[in-house]
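All ligand and atom numbering here is 1-based and tracks the order in the structure. Quick caveat, the model's predicted, so the values are computed rather than measured.
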Amino acid sequence: MRLTKQEVEQVDREGLYKDYEAWPEQAESTLKSKLDLKEVDVSKIIYCGMGGSGCAGDILQDLSYTRTNIPPFYVVKGYHLPSYADKSTLVLAVSYSGQTEETLSTLKEALDRRCPIVGFSSGGELARICAEKGIPHVKLGAALTPRSALPHILYSTLIALERLGYQVVSPDEIVNSITIMRKMRESIGVESSLKDNEAKQIAQHLLNTTPIIYGPQEFKGVLIRFKNSLNENAKVHALVEILPEACHNDIEAWHQNLPNHRAILVLGKYDRRLKKRFDTLAELIERAGSEYRSIYIREPSPFESMIKLLYLLEYTTLYLAVLRGVPPAPTPNIALLKKRLSED
Ligand code: F6R
């Protein structure tokens, strides 16, 4: 299959690909939104969100790692806030639908503990509670699914944090990241042919395999997101391993023939020690009779690099779904589970 636009449309009947095509515009639209938020002075930040709404939290956490102006940043993907959440903890409660019970539970706990809170959703119960309790709420723009609304979520939370007094990335980096997506769309979008399209080629590399994704710490959030979208769009299992930690455990598993495993090696900014680790890993994968493909990401700033990687990998998951003949938009198992939970 050449993954032509027509072939994509035959499988992606709901047109999820159109959301991905619109990622630069989604990001741009958040820059224009008027956010009425006042500065706060806190000692910690907790981002609460599940699945597609949680991914932006992982990315913000990775970005904040090297920023001295950002207090410790935690991500909660579950029902409860940690014991250290108190009046000096900013809580960002993020649910695209506004209906996710884990996020609503953390929102209620944050209210009980008198944390400063900002809610983010496209509507739903989360928006209702925010209105009732007088909590600032940011309305997220329209998209077909929470995962394809990632720029709405990521850029809205970034801008909100900036207004609250915590600038995670500079305005220039934000603008540049949108330009990067615009340029990339030409080469990785549905119109671009297989021979020029890295996302289509990676999808082919991963067809009929269990992908194992390796990358450095700085891309952890983006790579978890890749795994999640491989699960939700392409409906396949996938593993994520972060270096250097994987050199202390995972690499030992490459001692046997693993013909169904395929690796993706994501390399960021040049680091001699890390390069040696990746080179040895590549050698071990080959010795085990498997194949790998490397992706090099070296944009001027960490945020621009993350956006480049994110967009490339997200398209990859869409194309893998098409190659497998699975419509990427519906997530019937997640829907079934949510229905079961709502019956109580
Ligand atoms: C992604 C997706 C799920 C949801 C998750 C939480 O497209 O559908 O991962 O993001 O179930 O739901 P929300 O985002 O509405 O809080």
Side-chain angles (χ1 to χ4, degrees), residues 12-23 26 30 46-60 75-81 91-110 117-130 135 137-157 160 221-238 240 310-311 313-318 320-321 326-343:
D12 181 11
R13 292 188 286 271
E14 289 75 12
L16 187 66
Y17 82 88
K18 291 182 192 154
D19 272 6
Y20 290 128
E21 303 266 311
W23 270 22
Q26 253 195 48
T30 64
I46 301 182
Y47 181 111
C48 305
M50 308 300 297
S53 295
C55 292
D58 294 332
I59 293 169
L60 291 171
V75 180
V76 170
K77 295 186 181 182
Y79 287 91
H80 301 294
L81 290 179
V91 170
L92 306 178
V94 187
S95 165
Y96 188 72
S97 62
Q99 296 296 104
T100 298
E101 64 176 46
E102 296 93 319
T103 315
L104 292 173
S105 158
T106 52
L107 172 63
K108 286 175 192 151
E109 289 191 359
I117 307 169
V118 182
F120 299 78
S121 73
S122 59
E125 184 64 4
L126 193 144
R128 194 197 63 73
I129 296 173
C130 288
I135 301 168
H137 175 264
V138 178
K139 187 169 167 47
L140 301 169
L144 205 54
T145 64
R147 61 191 174 283
S148 58
L150 185 65
H152 280 314
I153 303 170
L154 178 60
Y155 286 78
S156 293
T157 46
V222 175
L223 299 182
I224 292 172
R225 162 63 185 218
F226 181 37
K227 178 208 83 74
N228 293 352
S229 291
L230 282 167
N231 302 151
E232 292 180 59
N233 282 344
K235 279 89 178 159
V236 294
H237 282 290
V240 178
L310 197 61
Y311 207 22
L313 297 179
E314 199 67 19
Y315 261 110
T316 299
T317 67
L318 178 88
L320 186 59
V326 185
T331 42
N333 294 356
I334 297 174
L336 172 79
L337 192 101
K338 287 187 180 178
K339 186 168 174 296
R340 292 270 160 85
L341 287 166
S342 73
E343 284 161 1

ask   = Taking C-beta and beyond as the side chain, do Val91 and Cys48 meet within less than 4.5 Å on heavy atoms?
value = yes

What protein heavy atom lies closest to [atom]? Include the residue and the distance to one decimal.
atom                    : answer
atom 15 (O) of ligand 1 : Ser97 OG, 2.6 Å
atom 7 (O) of ligand 1  : Arg147 NH1, 2.7 Å
atom 9 (O) of ligand 1  : Gly52 N, 3.0 Å
atom 3 (C) of ligand 1  : Glu232 OE1, 3.5 Å
atom 14 (O) of ligand 1 : Ser53 OG, 2.5 Å
atom 13 (P) of ligand 1 : Thr100 OG1, 3.2 Å

note = Only residue of Leu341, Ile334, Asn333 satisfying side chain to side chain contact (heavy atoms under 4.5 Å, CB included) with Leu337 is Leu341

task = Just do the side-chain hydrogen bond (donor to acceptor under 3.5 Å, both in side chains) check on Thr331 and Glu232 with the steps written out, would you?
result = CA-CA 6 Å; Thr331 42; Glu232 292 180 59; 5.2 Å; no

key: Residues Lys18, Glu21: salt bridge by 4.0 Å N-O rule   = no

ask   = Any ion pair linking Glu314 and Arg225 (charged N to carboxylate O, less than 4.0 Å)?
value = yes

request  = Please identify which atoms of ligand 1 are closer than 4.0 Å to at least one heavy atom of Ser95.
outcome  = 13 (P), 15 (O), 16 (O)

message = List ligand 1 atoms under 4.0 Å from Gly51, heavy atoms only on the residue side.
response = 9 (O), 10 (O)

request  = Take every heavy atom of Lys338, measure it against each atom of ligand 1, and state whether any distance is under 4.0 Å.
outcome  = yes

request  = Walk me through it: do Tyr79 and Glu109 pass the test side-chain hydrogen bond (donor to acceptor under 3.5 Å, both in side chains)?
outcome  = CA-CA 9 Å; Tyr79 287 91; Glu109 289 191 359; over 6 Å; no

message = Return the NZ to CD1 distance between Lys77 and Ile224, rounded to the nearest 0.5 Å.
response = 6.0 Å

